[in-house]
Amino acid sequence: MGIVYAVVNQKGGVGKTTTAANLAAGLAYLGKRVLMIDLDAQANLSAHFGYAADDDSDSLSMYDVLRHGKKLNEVVVQIEDSLYLAPASLLLSAADLELGGVIGRELLLRQALGSVIDDYDFIIIDCPPSLGLLSLNGLVACSRVIVPVQSEYLALHGVRQLLDTVDQVRSAYNPGLGVGGVLLCLYDSRRRLAKSVADTVREYFGDLVFDTVVRTNVALAEAPARGCSIFSYDPRSSGAEDYKNLADEVLKRGEKEGQI
Ligand SMILES: Nc1ncnc2c1ncn2[C@@H]1O[C@H](COP(=O)(O)OP(=O)(O)O)[C@@H](O)[C@H]1O
Ligand SMILES: [Mg+2]
């Protein structure tokens with residue numbers, strides 16, 4: 001059965017989508033079958049792999065899964081040999097409102113995953129920058145949360161609230177839910193601030209913080225324009241090295257916890 005990770009932080013611009021894309025691609029390069037799920041109406045993850053979301057497109061998306069009960073495997077597209085994507089749609093921006101009256105609305109993604117979970121080794125969910133219904137669906141459906149934090153002043157702002165939400169979701173819906181790791185992203189080693197933020201984050205979260213740090217690397221920002229992961233775009237970049245190390249570390253942590 002696949003392990004489900006949700007990449008969550010209610011702050012935007014911290015590296016969630018970049019992490020979802022390149023961690024997934026890194027795991028796929030290690031020979032794992034990986035499904036990425038785009039839960040953000042901005043559809044940055046879908047766009048990263050060349051799937052632009054627009055209102056009038058006929059192609060199916062996670063909106064159809066959550067709103068109309070479409071089967072997840074009808075929505076999934078293949079990106080590479082063992083890398084797959086369930087794209088988002090701009091329509092997801094209305095999901096919070098439209099699903100407001102639906103009983104069990106927080107369980108929709110978990111139910112949808114049931115039919116595909118045996119087909120993949122890993123499922124990686126990219127969440128929107130809020131703790132609304134879509135992120136809640138991600139938290140209910142996953143077994144581990146990955147929390148990217150930007151190596152900037154106020155990095156920890158909001159992370160406590162996020163971890164409180166994780167606790168609440170664990171006791172209300174998902175007893176197996178845990179923190180897979182806090183990931184320092186956009187790390188600029190030339191800046192003293194980055195080092196001091198990293199120290200604070202490690203002091204605060206201890207072993208929860210991944211050893212791997214994702215350095216600021218322009219290739220990571222350029223890869224989406226080519227519609228591919230950092231490993232295809234620039235395999236020799238520091239971004240490729242960092243996300244390769246993250247994929248290794250995620251595998252190791254999973255093995256240590258007996259999940260894999
Ligand atoms: N390590 C990095 N180095 C350089 N640019 C990065 C890095 N991580 C993310 N970015 C860029 O920063 C912006 C925000 O990242 P993104 O992953 O979209 O964050 P989020 O999904 O949390 O909003 C994007 O333009 C992305 O390409
Ligand atoms: Mg994003």
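Everything quoted here is computed from the prediction, not taken from an experiment. Atoms within a ligand are numbered from 1 in the order they appear, just like the ligands themselves.
If you check the side chains of T19 and Y243, you find a donor sitting under 3.5 Å from an acceptor.
With S46 contributing its side chain and A88 its backbone, the two residues share a donor-acceptor pair below 3.5 Å. When atom types are taken as modelled, the side chain of E80 and the backbone of A25 share no donor-acceptor pair closer than 3.5 angstrom.
Around the CG atom of D207, the shell of radius 6.0 Å holds no more than 12 heavy atoms that belong to other residues, nucleotides or ligands.
Listed by chain and number, residues touching ligand 1 at under 4.0 Å (heavy atoms only) are G12, G13, V14, G15, K16, T17, T18, L186, V214, R215, T216, N217, L220, A221.
Y204 does not carry R160 over the face of its six-membered ring by the limits of under 6.0 Å from the centre and within 45° of the normal.
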Side chains of residues 106-115: which donor-acceptor pairs under 3.5 Å do they make with residues two or more places apart or in other chains?
residue: R110; atom: NH1; partner: V140; partner atom: O; Å: 3.4
residue: R110; atom: NH1; partner: Y173; partner atom: O; Å: 3.1
residue: R110; atom: NH2; partner: Y173; partner atom: O; Å: 3.4
residue: S115; atom: OG; partner: A112; partner atom: O; Å: 3.2

Side-chain donor-acceptor pairs of residues 125-132 under 3.5 Å, sequence neighbours excluded:
residue: D126; atom: OD2; partner: T17; partner atom: OG1; Å: 2.7
residue: S130; atom: OG; partner: G132; partner atom: N; Å: 3.3

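F49 and Y233 fall within the same hydrophobic cluster, defined by Ile, Leu, Val, Met, Phe, Trp and Tyr side-chain heavy atoms under 4.5 Å apart, directly or through other members. Under a hydrophobic clustering in which Ile, Leu, Val, Met, Phe, Trp and Tyr are joined whenever their side-chain heavy atoms come within less than 4.5 Å, directly or via other members, V179 and V213 fall into the same cluster.
Protein N/O/S atoms closer than 2.8 Å to the Mg ion (ligand 2): T17 OG1.
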